[in-house]
There are 2 protein chains.
Amino acid sequence: MKVTPQRLAILQFLEGNTSHPTAEDIYRELKPQFPSLSLATVYNTLEALAGGGELQEVRITSNRRHFDPNPVPHCHFLCQNCDAIYDLEMWPEELRVPCEIDGNLILNSTLYLYGTCSRCRANQGNGGGDNDKENEPG
Amino acid sequence: MKVTPQRLAILQFLEGNTSHPTAEDIYRELKPQFPSLSLATVYNTLEALAGGGELQEVRITSNRRHFDPNPVPHCHFLCQNCDAIYDLEMWPEELRVPCEIDGNLILNSTLYLYGTCSRCRANQGNGGGDNDKENEPG
DNA sequence: GAGGTTAATTATAATGGTTATAAACAAAGA
DNA sequence: TCTTTGTTTATAACCATTATAATTAACCTC
């Protein structure tokens, strides 16, 4: 796997990033610095990194793939009010892989939670708006 | 919500069905008995039933929605060898909803497992083929 | 460094599951 | 039976993702 400026830029953008961006998000962010960057390159790079276990895909929403540079198993929480995706460190004991359940060999697992995040709960309690889709977590 | 022959047929097809069909699967199965049936009707009906909590969507594969008539929380297991989806009754204690984690209100959750099913493990042990995509469970 | 091989990047077209649309139709109640 | 209202149907649109093929750049060897 060759080292290219595009791949370095994508890796650098993802490093420590907890916003769970989509390929499109990454493309939009890097395009100004990399006018020649192609969306296909972003997809190719993410595919390669995910395949190598260096990041995980997050399929918590119906129609988009998000990406998380943290490869350690943890669960993801989608706030259905503001659409933000949060990392939660909780991970059930039963899901330590590899393991065996009813004769099946379990090699991998995903755990997605849905509800209302603490920030939105506070806003709603204060009589704030119902649907703060812009208020992503910091 | 009106009772129509199409909806009854879809409900009847799903009742007790553990094969986790897609909308397309249901459409293909029912089309012979219902020549006028439209794929859009299948989607509409599934959407309505899922919204009413009478069945659950299973988004265990990358690009297709599967449906499960069993609304009780349980986890889903995809065999990456034969592509079959199995129900597993295991459900971690921590995932009983509603609950609260780090101040977030959790209302719903999904748990997907990936690996090799017992049937494929047995086949592989016997020197059988690697990729029995046709061998769906009975 | 220069040359050659091989893989990556790019722009763009194609894919395909799902959703939207609007007209035709049928269920349920009066 | 009539009317209203929601449903079905066929089809077009949507849009995230993938495939394609030509161009370009990384990396190895000399």
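Bear in mind that the values here come from a model prediction, so they are computed numbers and not experimental data. Residue numbers begin at 1 in each chain, while the letters A, B, ... track the order of the sequences.
In this model, the phosphate group of dT9(C) is not approached by any side-chain N or O of S38(A) to a distance below 4.0 Å at OP1 or OP2. Regarding contacts with the backbone of dT19(C), a side-chain N or O of R65(B) is found under 4.0 angstrom from either OP1 or OP2. The side chain of T4(B) places no N or O atom within less than 4.0 Å of a non-bridging phosphate oxygen (OP1 or OP2) of dA27(C). Applying the 4.0 Å criterion to OP1 and OP2 of dA26(D), one finds that R7(A) has every side-chain N and O outside that range.
Here dT8(D) presents its C1' atom at 13 Å from CG of L39(B), a figure rounded to the nearest Å. Going from atom CD of Q6(A) over to atom P of dA11(C) covers 11 Å, rounded to whole Å. Distance CG (L8(A)) to P (dA8(C)): 14 Å, rounded to an integer number of Å. One atom, CD of E24(B), and another, P of dG16(C), lie 11 Å apart when rounded to the nearest Å. Look at CZ on R64(B): it is 15 Å from C1' on dT17(D), rounded to the nearest Å. Atom P of nucleotide dG16(C) and atom OH of Y27(B) are separated by 17 Å, given to the nearest angstrom. If you take CE of M1(B) and P of dA28(C), they are 12 Å apart, rounded to a whole angstrom. Whole-Å rounding puts the N44(A) CG to dT10(C) P distance at 10 Å.
Listed for the R121(B) side chain is a donor-acceptor partner under 3.5 Å among the backbone atoms of G103(A). Formation of a donor-acceptor pair under 3.5 Å by the R7(B) side chain with backbone atoms of K2(B) is found in this model.
Checked by atom type, the side-chain pair H20(B)/D87(B) shows a donor-acceptor distance below 3.5 Å.
With distances taken from any side-chain atom of A40(A) to the nucleotides dA8(C), dT11(D), dA19(D), the minimum falls on dA19(D). For Y43(B), the side-chain atoms get nearest to dG17(C) when compared with the rest of dG17(C), dA25(D), dA11(C).
In this structure, S62(A) and K2(B) both approach DNA chain C, and ranking their closest nucleotides by distance from the 5' end singles out S62(A).
S36(A) comes within contact range of the sugar-phosphate backbone alone, with a heavy-atom separation under 4.0 Å but no base atom that close. Across all strands shown, P5(A) has heavy atoms under 4.0 Å from sugar-phosphate atoms exclusively, and none from any base.
Ring planes of H76(A) and Y112(A): tilted class, angle from 30 to 60°.
In this structure, the separation between CG on D83(A) and CG on L78(A) is 6.0 Å, given to the nearest 0.5 Å.
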